Colleague: 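Pasting a structure below so you can have a look.
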Amino acid sequence: MSDALDVLKQRGFFKQCTDEPGLRAKLAEGPQKFYIGLDPTGPSLHIGHLVPIYASAHLQKAGHQPIILMGGGTARIGDPSGKTEMRQMISYEQIDKNIASQKPQIAKLIDFDSTNALLANNADWLAPLNYIDFLRDIGRHFSVNRMLTFEAYKQRLEKGLSFIEFNYQLLQSYDFLELFRRKNCILQIGGDDQWGNIVAGMELIRRVESAETYGLTFPLVTRSDGKKMGKTEKGALFLDPSLTSVYDFYQYWRNVPDADVERFFLTFTFLPVEECRNLGAAEGSDINKSKERLAYEVTALLHGEKEAVKARDGAKAAFSGGGDKTGIPSEKIGKTELEAGINILDLFSRTSLCASKSEARRLVLQGGARVNNVKIEDVEAFIDMTDAVDGELMLKAGKKRFFRIELTDRE
RNA sequence: GGGGAGGUUCCCGAGUGGUCAAAGGGGGCAGACUGUAAAUCUGUUGCUUCGGCUUCGAAGGUUCAAAUCCUUCUCUCCCCA
């Protein structure tokens, strides 16, 4: 149990920590409760949300007890940390829906069955709050002067900061206090952008409860190429397969920059540290094998092995031919429709490969469109049954975007 | 409440009556090079039945013609109270 912190350090989940020796000793004493905060602002988690959950999973494996705090109350406010824009306000009803759909996603990494993990919602104590009482009991412990020295607020002072956002720190601190009181939660962990809020919570607990608690942050995960983690051209990489297909999810990891392989293995899989290092150390085309493994491991973890195999085989089939193609994004088209012939632009623009006909036109003109690996450069071209191979059309846009058209007898 | 500055295409940001679907950069897409990597270079980047159509916070108005001028509204930021 004493190695919980070491695990986090080894795997790159350690940026800074308050009173490290103290925390180490506390964790060595026995199972401790800790929490992370998640914002249920969307119906699905995306990769960006995952790092704290992975960190929690490691601590849980080390015997500690995670509390996953859904910010059902705070989701209605904006967190000023780093963000430039205020968040949209959403209804409690929507938030509850989001929580319901996010929980199973969290459960992929956190074991809720063993009863030592807990899902909480801060709306439980934030919603009934009385403004006057809150100001008197909690607000008085916060110094505006001190808050203004926090980096998060400094930045926002340039761009503008609403009072409601300014209050975020108080609410988050209050969360920590409530969890300490209700569950004896003694540790809050989070991304490094949460450092200020975490420390503020600890200070609050120290003042009103005269108790010592701890905070730990991990580095914000970035990509070596500077792109936002988990962001694709189309937006965030969601865990919900209806928002991001398993195939696309797999491909995201498959195409990660070389320099990130080791770190991503450490962060997003549970493979032994030694193995992660070896896989990340591979060079040349070997690192490609590592990426295949990375993609498979992460996909299997979050979507299940069956889906991962399908995505992996689908990708293999698309890139090197043969094999099981069912994992590739696809759509059905009736044979009779194809018999009549479909214009190449119409064909591409009705798939997810092209958003509009203009885009399809561009693609064709630039030589990026292929049907069953035959380059089509004529925008007037018609595709019909004679182009089908094995009862399907494999569309390819550019070098690595595929789409499969399945031909069916019925319309 | 008073005064000032602004809201431009995915983002940043030019544009102040026609030559503006709108500079430049970022991002995206495509091509070359590769390893389904990175870096680099090139092209491209509103929609379209290819006739046009819709875009510059919103609604009106002036004009042959507006992102550009006028009016009202709305939102943001700054200064004063």
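In what follows, chains carry the letters A, B, and so on, assigned in the order in which the sequence lines appear, proteins first and then strands, with residues in each chain numbered from 1. Note that the structure is a prediction, hence the values are computed from the model and not measured.
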Colleague: Quote, to the nearest angstrom, the C1' distance that separates B/A39 from B/C20.
Modeller: 36 Å
Colleague: Assign the ring pair A/His58 / A/Phe13 to parallel, tilted or perpendicular, where the plane angle (0 to 90°) is split at 30° and 60°.
Modeller: tilted
Colleague: B/G51: syn or anti, with syn meaning chi within 90° of zero?
Modeller: syn
Colleague: To the nearest angstrom, how far is A/Lys291 atom NZ from B/A38 atom P?
Modeller: 7 Å
Colleague: Across the strands shown, which category fits A/Arg254 at heavy-atom distances under 4.0 angstrom: base, sugar-phosphate, nothing?
Modeller: base
Colleague: Between A/Arg24 and A/Glu20, does any NZ, NE, NH1 or NH2 come within less than 4.0 Å of an OD or OE carboxylate oxygen?
Modeller: yes
Colleague: Assign the ring pair A/Phe264 / A/Phe268 to parallel, tilted or perpendicular, where the plane angle (0 to 90°) is split at 30° and 60°.
Modeller: perpendicular
Colleague: With respect to the phosphate group of B/C50, does any side-chain polar atom (N or O) of A/Lys357 fall under 4.0 Å of OP1 or OP2?
Modeller: no
Colleague: Regarding A/Ala259, tell me which of base, sugar-phosphate or nothing describes its non-hydrogen contacts under 4.0 Å with the strands shown.
Modeller: nothing
Colleague: Dump the intermediate steps for side chain to side chain contact (heavy atoms under 4.5 Å, CB included) on A/Asn372 and A/Leu393, then the final yes or no.
Modeller: CA-CA 6 Å; A/Asn372 285 329; A/Leu393 297 171; 3.9 Å; yes
Colleague: Does the base of B/G35 carry an N or O that pairs as donor and acceptor with the side chain of A/Asp286 under 3.5 Å?
Modeller: no
Colleague: Between B/C10 and B/U55, how many Å separate the two C1' atoms, rounded to a whole number?
Modeller: 14 Å
Colleague: Contact class for A/Glu359 (heavy atom, under 4.0 Å): base, sugar-phosphate, or nothing?
Modeller: nothing
Colleague: Please state the P separation for the pair B/U68 and B/G57 - nearest whole angstrom.
Modeller: 8 Å
Colleague: Which of these nucleotides, B/G35, B/C47, B/A37, is closest to any side-chain atom of A/Lys400?
Modeller: B/A37
